[in-house]
Structures are given as C-alpha cells and as structure tokens.
Amino acid sequence: MMKSTKSSKYDIETPHPRKWEIAGYEATLPITEKSNPITHNIDKSDSVQIVQLLKECDAEIFRKEDNMVTSYKMLYSESILRTMVDTAKQVQELLKDPEGNLIVLSGCGTSGRLAFLLSSSFNNLFKTASYGYIIAGGDKALVTSQELPEDNPEAGIKMLNRISERKEKVMFIGISCGLSAPFVAGQLDVCMNNLDKFIPVLVGFNPINMARPDKIEGWHSTFLRVAERIQKLQKLRQAYVINPAVGPEGIAGSSRMKGGSVTKILLETIFLAAHKALANNSDITDGYLLDLLRSYEKAHSITYSHDEMIAALVKQAGASLQQNGHIYYIGWKSLGILGIIDASECVPTFGADFSHVRGFINNGFKEMANNDGDISTLGPEFAISHEDFLKNVLPTICKNDTVVFIFTLDESEVSAIEKIAHQVKVSTVNLFAISHGTTWQYMPKQLKQLFSITINVTWPVTSSYEGCYIQMFQRELSTKWMLNAISTGSHVLKGKIYCNYMIDLKVSNSKLFGRALNILQRFTGQTESKCFERLLQAIYETDELSEKIKNVEISKHIQHAATMNKVVPAAMVALMRNCSISEATARLASCPNVQEAVDAFDIQGHKWRADHTEAAEENCI
C-alpha cells in the first residue's frame, strides 16, 4: 500500500495507485472512464483527505513512463514529445501568414471552454487573429451546460465551415478527452477529406483503440474509425494525434479535471514554442518543450503547498452546499473566466442547479470577448459581470453562502476588489481570496483583513521573453486546480458522489447515458438490459414502459432525461431495493443526500459497495 504524499495525522491509504494500468482492471472501459484507485473512497473522506487525494490524482499527469508496468504513452514519452514538436512546427508556419491561415480549436463542454480561453489568450498576448474557437452549443455553452449538441456531428461541420471558409490553410485541433464526442468526430472527418486545406490534430487521453466504437446516431461513422484514420495519416505527416495517458479522473469520467488541465498544458506548450521560434527564427526542440512541461509540474508543487488552506475552503464550501447555501466566484480577467468555467461544469457533473455555484467576471462579456458578444439578455444564468452580482445576487446573500475572490496582485483593480469585498462582508463572513503574485508583491493589509482565509500563491520574478507568458499560464492552471478542488470537494461533502462516481449526473447526452448504465451495472450487479429498463423507468417516471418508448432512439430518451433530476439515483435505488420507481423517488426525498440514500440500502444482507464485493469488480471487468 502507498501512503499519501504528505506525512501528517491525515495520512490515508491509497489502494494500488497504479492498478488502473493493469490490463484486467475495468478492461471494457477506456482510461478516461475508469475509476481511479487513489480516490476509491473519496466519498468517505474529510476536506483535508479530499485535497490530498486530488493532489495525488493531478500528480499522475506528470508520471514518467514505466515499460515494466504498462505500454501506455505518458506526457513525457518520446513519441508524444515528437508529435508535439511536429505540431508546433506546423503552427509556426501558419503564424507567418495570419491573414491567410487559421488555427481552430474545437471541443465540447470543458474542452470547448478551454478552446475559447486558449484562442483568446494567444490572440491577445501576441496581438494576432491567428486563433479561433468552436464550442458545441455555441457561446451559450461557455457559461451554461449544453450537453445535447455534443452528439451532433453535422452541427460541428457547419460551424467549422463557417469559421474556415475564407482561409487558405487551417489547422483544426479537435479536443475530445475520451476520444468520444460526435461533434468533434464530424469536424475531423471533413478535415481528413480536405487535406489540401486542413491539418487535422486530435487531442485526447485514451489510446486510439479505446476511442468510442458506438455508431453515431444519424451519421455514417464512429469516433473509433475517425481516430484510426487520423493515426494512419500521422505516419504520412498529414495529421497528428496527441494522446498521452494521464490516468483516470479523481471522480470517474469527470474530464473537466485532469482532461482539462492536460489540454491546457499541451496546447499552451505547443503554441508558446511556435511563437518563440517565430520571434527568434529558431528551431523547436524536444528540450524546450520539456522545459515548458516541467514548469507546469512545478506549478503543481507550488499550488498544493497550500493544501491545508485549500482544504479549509473545501470544508466551508461543502458546509454552504449542505446548508442550501451557494458558492460564488468573483474573478478578474482570465482567472475570472476560469471561475465561470468551473461553475458551469457543476450542473452536468453533480446534478446541481446553475445557482448553486456561479462565477462572475469584471466587465462581463466585454472582458470575455467571445464570438457572440454580450449574451446576458438570454437569461439570469448569463448575467456574469460584477455589476450583475452586485445588483442581482448580493441582496440575496446570506450567512450560509461562500464567496471566493480570485485575482492577481499585479492588477490595478485592488481598490475595486476591496470595495466589493466590503459590500459582501455585510451579509456573510465566509469571504476567501485566491491571489497570485511574485516574491516582491504583497496584498495590502486592509484588503487581507477582509478575508477569512487568503491563499496567496507566490511565483518567482521573471523577465525573460516567454517567462511572463509561462507564469500567466501557471497561475491559470494553479487557479483551475484550486477551483476544481473546491467545487468537487464541496459536492463530495454534500453527498453527490458514491465511492468515486458521480451518481447524480445529468443524463444529457449519449456519453452520459452510457456512463449512467455503467454506474448502475457496477453497483447493482444487474444485467445491462435490466439496468437499461430501470434507467428508462426513472427517466419517464413509470414502472410500465410501452413498446413505443422502449424502441425509440436513444436520443429521444436523452432529450427527456436532460430535464430530469436524480435519474440515476432513482434507478439505482429501485434496482437495489427491487422496488417501484415512485418508492425509490420517495426514499431519496426522505434522505439528506444522495450518497447516504444509496449507501443505506442493503442487498442480501450486506451493503453493496464495490470495494466490499467480488461480484461488483467482476461485473466491471
């Protein structure tokens, strides 16, 4: 057994942390859908333990290749670095003609939001228009959950054609952490059919043979076939696949976490290397890319050196959610965008309401600078400026709410930060700050006194050409890790996780429908057909399914399920108790949280947890 990386009274045992690399472990699941042995009992952990477990999971990103254990390619693998170098050289060539060329980043959910952040960052930093982004569901998906469009390849193709129609050469970077999104598959397919114009790049975190094999509804192919075709084109240097294995997520399938972090690390490294080479008329080397990657590894150490204070924030945020309170992120510039991204992902992951965790940014959509501009009139969830917070949210804040301010000390908005903090403190004492600065920057005493806890992340002073850019990206990644810990940990403490599975997820696209079935099979030991039947019963709130309902396309079930709450927990309790859906729903309503509700039910006289029975493990394998 391997102990936690920090020696203290909070040390916890982490069962076989490399078990996921063994061929037989959950063999039918791709890496991005496996459960991580490190966090197997995260639902029974306190805030300090939760942060330690997430720290260990994030450390897996930087794990070195070990051919004695696995043949998976890791972040530092020679073949991955070589592909990154080749891709960066292509980017360098495209940057020479920003008018005629374009680099398009596309993805769904977290991947699409990061596509937006990265394209915006590099356009702003280098005063160029060389980057563009596509996100499934359009700009609404930057702020809110838009899961269903992920299943529509034709919609993705239309968006690609629109953004690239006036360009001579386009690098298309399709990001799909699990190599599974139909939206991205359709775009990659078009690119491969037009290699004179497009350079296709696939970014994900499964081996190609683990790409999603299911037929895409209403389309002619599968993601697996698309990925295999790209792999063949890579040998001809006409396309590229960047797919290091970084281990299962801390919460099974939650690619907003490691998947999002590695996407950011990889693409920033490639783009920054290309810009430096162009500016210096120099070569792009493995060594330079390695140095950049190691700077992100250093950011991991710096971030988690504040683990005790991060845990304190997790504890308070968890208490807020348990007491029907809220979590609010008040951020500035790109750190504010990260707050909005983290908040938007809580709805599909934890079955949360949009109001439970919300992010706000200075100057709203003007600061975002997104394609569609100000979309705040679309509904209350799109009101994301600080002014919107002060006008609409501040009057409702109570003592159970948690407010986290996110900023850097080299900004000129210290007086604005102090002003808003003073206003918020009238309603709640649960004010926290995540600030970033260098060794010679200090937070004014009068500002620091307003916060119950301040996590002041200190970075070394740098003046090199790329040093300031690297540090900006490090600060963003550090903030992402902390916000992921806060939102994930608080929902764990609220009881939204069972073992390390998101049992209260929204069944809002085909990937999540399949994940729901896997969860039901894993924890009940029932057949796929039985779990499918119970899932449909929970979706339609009936124990009598008509033949018409049984035989409609999966997409129709998903459209109905997308508006429903506690679908998976209801199906799970009904399977465990062999009871009606209405009884299962009533039992869930009477329990304080989902995790306790599910954990309360026995099967054949003993609790059904995957770590206590061979049957559940065999069912997964």
Just list the side-chain donor-acceptor pairs under 3.5 Å for residues 443-461, sequence neighbours left out, or say none.
{"unit_1": "Ser452", "atom_1": "OG", "unit_2": "Val429", "atom_2": "O", "d": "2.7"}
{"unit_1": "Asn456", "atom_1": "OD1", "unit_2": "Ser435", "atom_2": "OG", "d": "2.9"}
{"unit_1": "Trp459", "atom_1": "NE1", "unit_2": "His436", "atom_2": "ND1", "d": "3.1"}

Any [X] side-chain heavy atom under 4.5 Å of [Y] side chain:
{"X": "Thr488", "Y": "Ile497", "answer": "no"}
{"X": "Leu505", "Y": "Val568", "answer": "yes"}
{"X": "Ile330", "Y": "Val404", "answer": "no"}
{"X": "Val567", "Y": "Asn565", "answer": "no"}
{"X": "Leu493", "Y": "Leu321", "answer": "no"}
{"X": "Phe432", "Y": "Ile434", "answer": "no"}

Spell out, as yes or no, whether a donor-acceptor pair under 3.5 Å connects the side chain of [X] to the backbone of [Y].
{"X": "Ser254", "Y": "Ile251", "result": "no"}
{"X": "Ser295", "Y": "Leu292", "result": "yes"}
{"X": "Lys496", "Y": "Ile503", "result": "no"}
{"X": "Asp353", "Y": "His356", "result": "no"}
{"X": "Ser490", "Y": "Gly318", "result": "no"}
{"X": "Asn36", "Y": "Gly247", "result": "no"}
{"X": "Lys480", "Y": "Met257", "result": "yes"}
{"X": "Lys258", "Y": "Gly250", "result": "no"}
{"X": "Asn362", "Y": "Lys333", "result": "yes"}
{"X": "Asn509", "Y": "Leu512", "result": "yes"}

| task | Please indicate whether Asn324 has more than 12 foreign heavy atoms, meaning atoms of other residues, nucleotides or ligands, lying under 6.0 Å from its CG. | result | no

| message | For the NZ atom on Lys140, are there more than 12 heavy atoms of other groups (residues, nucleotides or ligands in this structure) within a distance under 6.0 Å? | response | no

| query | Is the His326-Tyr328 ring centre distance short of 6.0 angstrom? | reply | yes

| query | Can we call the ring centroids of His386 and Phe360 under 6.0 Å apart? | reply | no

Residues that [X] engages under side chain to side chain contact (heavy atoms under 4.5 Å, CB included), provided they are two or more places apart:
{"X": "His300", "result": "Lys55, Asp58, Ala59, Phe62, Tyr304, Trp481"}
{"X": "Asn370", "result": "Phe116, Tyr133, Asp139, Leu142, Phe365, Met368, Asp372"}
{"X": "Met159", "result": "Ile134, Arg162, Phe183"}
{"X": "Ala141", "result": "Ile135, Gln146"}

Holding to salt bridge (Lys or Arg N to Asp or Glu O under 4.0 Å), I want the full list of residues that pass it with [X], two or more places apart in sequence or in another chain.
{"X": "Glu268", "result": "Lys264"}
{"X": "Glu387", "result": "none"}
{"X": "Glu33", "result": "Arg515"}
{"X": "Glu541", "result": "none"}

| Carboxylate-amine/guanidinium proximity below 4.0 Å for Lys506 and Glu147 | no

| field | Residue that, paired with Phe126, satisfies ring-ring contact (aromatic ring centres under 6.0 Å, His included) out of Tyr131, Tyr469, Phe271 | value | Tyr469

| query | Taking only residues two or more places apart in sequence, or in another chain, which ones meet Tyr296 in a ring-ring contact (aromatic ring centres under 6.0 Å, His included)? | reply | none

| request: Walk me through it: do Ser385 and Asp388 pass the test side chain to side chain donor-acceptor pair (under 3.5 Å)? | output: CA-CA 5 Å; Ser385 70; Asp388 292 321; 2.9 Å; yes

For a quick test of reading the model, state the closest non-hydrogen atom pair linking [X] to [Y] and the distance between them.
{"X": "Asp401", "Y": "Ser320", "value": "C-OG, 3.7 Å"}
{"X": "Val424", "Y": "Val403", "value": "CG1-CG2, 3.8 Å"}
{"X": "Ile38", "Y": "Leu53", "value": "O-CD2, 3.3 Å"}
{"X": "Ser487", "Y": "Cys346", "value": "CB-SG, 3.7 Å"}
{"X": "Ser176", "Y": "Ala181", "value": "OG-N, 3.1 Å"}
{"X": "Glu381", "Y": "Thr144", "value": "CG-CG2, 3.3 Å"}

| task | Apply ring-ring contact (aromatic ring centres under 6.0 Å, His included) to the pair Phe122 and Phe473, showing each step before the final yes or no. | result | CA-CA 11 Å; Phe122 278 88; Phe473 297 144; 5.3 Å; yes

Do [X] and [Y] pair up side chain to side chain, a donor and an acceptor below 3.5 Å, judged on atom types alone?
{"X": "Glu249", "Y": "Asn500", "value": "no"}
{"X": "Asn123", "Y": "Ser120", "value": "no"}
{"X": "Ser334", "Y": "Glu476", "value": "yes"}
{"X": "Asp307", "Y": "Gln52", "value": "yes"}

| request: Sort and list the pairs that fulfil salt bridge (Lys or Arg N to Asp or Glu O under 4.0 Å) and have at least one residue in residues 337-347, not counting sequence neighbours. | output: Arg113-Glu345, Arg256-Asp342, Arg256-Glu345

| query | side-chain hydrogen bond (donor to acceptor under 3.5 Å, both in side chains) with Asp374: which residues, sequence neighbours excluded? | reply | Ser376

